[in-house]
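Below: one structure, written as structure tokens.
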2 protein chains.
Amino acid sequence: MAARNASKGPEHPRLEDVELVTLLSALAEPTRLRIVCMLAEPVGERAWKDIDLPIAQSTLSHHLKILRNAGLVQNRTEGTRCFVSLRTQEVEARFPGLLETVLSCRDH
Amino acid sequence: MAARNASKGPEHPRLEDVELVTLLSALAEPTRLRIVCMLAEPVGERAWKDIDLPIAQSTLSHHLKILRNAGLVQNRTEGTRCFVSLRTQEVEARFPGLLETVLSCRDH
DNA sequence: TTCGATGATCGACGATCATCGAACATTGAC
DNA sequence: GTCAATGTTCGATGATCGTCGATCATCGAA
């Protein structure tokens, strides 16, 4: 009854409103860190269905929501499909060097 | 009654055995991040009692244990007193740039 | 040896989290 | 309009977490 999101896709916070602890919490979970690493590959944008992990679809949606709320990823809807990508530049502007450093640590 | 730790202080893991997610989890909590920032100040080592935060003593002990298990801090016992410090160099060797970057992000 | 101080550990509690299946909403195709 | 596909949301579940007070173990001092 109340007006829903007029916009289609899920909401994306401004990076200025994201706290460091929120971003670290989002990264501090194996599945989510793995997703972020996937998205960091040169491929860039990734179709939802291409993120195949041994988890239920609703769980993946849950993790992506947390990553969205942390400002790390963004969704782009195209018809019924959905594409996910890192907000690399915005994260870099807010937390300089952080994402790159974490990813490089992950790769060893 | 079973043989406890023969050594005096608590255990400190080798940084090689610490996973990135463990370290991120340790940092992804406001109180602990604050402690790490305190310890990063040029003062260096810090007496336990000088870490005064609005939390119970057992809670502080709990957080310090998590930071220890993540390889971030170390304890040095001197009589009944206990001093805490960052394992800056070892963390740097294991996760290059990570601690420094997180701390610089925290300061803005 | 006894005592006080200092941290670590224990047990309990409420809250949050990761996970799942089911139901729902939206969109394109028929 | 009906249907299938896609991703989100809901409800429930165990597990983990942050917090506390109480207890314990260790050490120096009296």
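Reminder, nothing fancy here: chain letters follow the sequence lines and each chain counts from 1.
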With heavy atoms under 4.0 Å as the rule, sort L60(A) into base, sugar-phosphate or nothing.
nothing

Report yes or no: do V91(A) and I66(A) belong to one cluster of Ile/Leu/Val/Met/Phe/Trp/Tyr joined by side chain heavy-atom distances under 4.5 Å?
no

Using side chain to side chain contact (heavy atoms under 4.5 Å, CB included) as the criterion, list what pairs up with A56(A), not counting sequence neighbours.
S58(A), T59(A)

Please enumerate all residues that pass side chain to side chain contact (heavy atoms under 4.5 Å, CB included) together with A47(B), with sequence neighbours excluded.
D50(B), F83(B)

What parts of residues 78-88 of chain A reach DNA chain D, counting only heavy atoms under 4.0 Å away?
T80(A), R81(A), C82(A)

Contacts of type side-chain hydrogen bond (donor to acceptor under 3.5 Å, both in side chains), residue S85(A), not counting sequence neighbours
Q74(A)

Spacing of N69(A) atom CG relative to dC17(C) atom C1', expressed in whole Å
14 Å

Could you tell me whether Q89(A) atom CD has more than 12 heavy atoms of other residues or ligands within 6.0 Å of it?
no

What do the steps show when you test R106(B) against V102(B) for side-chain contact (heavy atoms from CB on, under 4.5 Å), and what is the final call?
CA-CA 6 Å; R106(B) 157 91 180 189; V102(B) 170; 5.6 Å; no

N75(A) meets the side chain to side chain contact (heavy atoms under 4.5 Å, CB included) criterion, sequence neighbours left out, with P10(A), H12(A), R68(A), C82(A), V84(A)

How would you list, by chain and number, every residue that makes a salt bridge (charged side-chain N to carboxylate O under 4.0 Å, His left out) with D17(A), sequence neighbours excluded?
R14(A)

Identify the pairs formed between an N or O of the protein and an N or O of nucleotides 13-18 of chain D at a distance under 3.5 Å, and give each distance.
unit_1, atom_1, unit_2, atom_2, d
dG18(D), OP1, R32(B), NH1, 3.2
dG18(D), OP1, R32(B), NH2, 2.9
dG18(D), OP2, R32(B), NH1, 3.4

Spacing of R76(B) atom CZ relative to dC27(D) atom C1', expressed in whole Å
15 Å

Return no unless some side-chain N or O of K65(A) is found under 4.0 Å from OP1 or OP2 of dT9(D).
yes

Take atom CD of E90(B) as the centre, draw a 6.0 Å sphere, and report whether it contains more than 12 heavy atoms from other residues, nucleotides or ligands.
yes

Taking NZ from K49(A) and P from dT6(D), how many angstroms apart are they, rounded to a whole number?
6 Å

Residue-phosphate contact under 4.0 Å: W48(B) side-chain N/O, dA5(C) OP1/OP2:
no

Nearest heavy atoms of C105(B) and L98(A), plus distance in Å:
SG-CB, 4.0 Å

What is the distance from CD of Q57(B) to P of dG4(C), rounded to the nearest Å?
18 Å

Using a heavy-atom cut-off of 4.0 Å across all strands, would you classify L64(B) as base, sugar-phosphate, or nothing?
nothing

Here the distance between atom P of dA18(C) and atom CG of L33(A), to the nearest Å, is 13 Å

Which pairs would a plain distance check flag for residues 18-46 of chain B, meaning a side-chain donor or acceptor within less than 3.5 Å of a matching protein atom at least two apart in sequence or in another chain?
unit_1, atom_1, unit_2, atom_2, d
S25(B), OG, A28(A), O, 3.4
S25(B), OG, V21(B), O, 2.8
E29(B), OE1, T31(B), N, 2.9
E29(B), OE1, R32(B), N, 3.0
R32(B), NE, A26(B), O, 2.8
R32(B), NH1, H63(B), ND1, 3.1
R32(B), NH2, S25(B), O, 3.3
E45(B), OE1, R76(B), NH2, 3.0
E45(B), OE2, R76(B), NE, 2.7
E45(B), OE2, R76(B), NH2, 3.3

Does S61(A) get its side chain close enough to the base of dG7(D), under 3.5 Å, for a donor-acceptor pair?
no

Output the pairing pattern of DNA chain D as a dot-bracket string, 5' first, Watson-Crick or G-U wobble with both distances under 3.5 Å, | for cross-strand pairs, [ ] for crossing pairs.
||||||||||||||||||||||||||||||

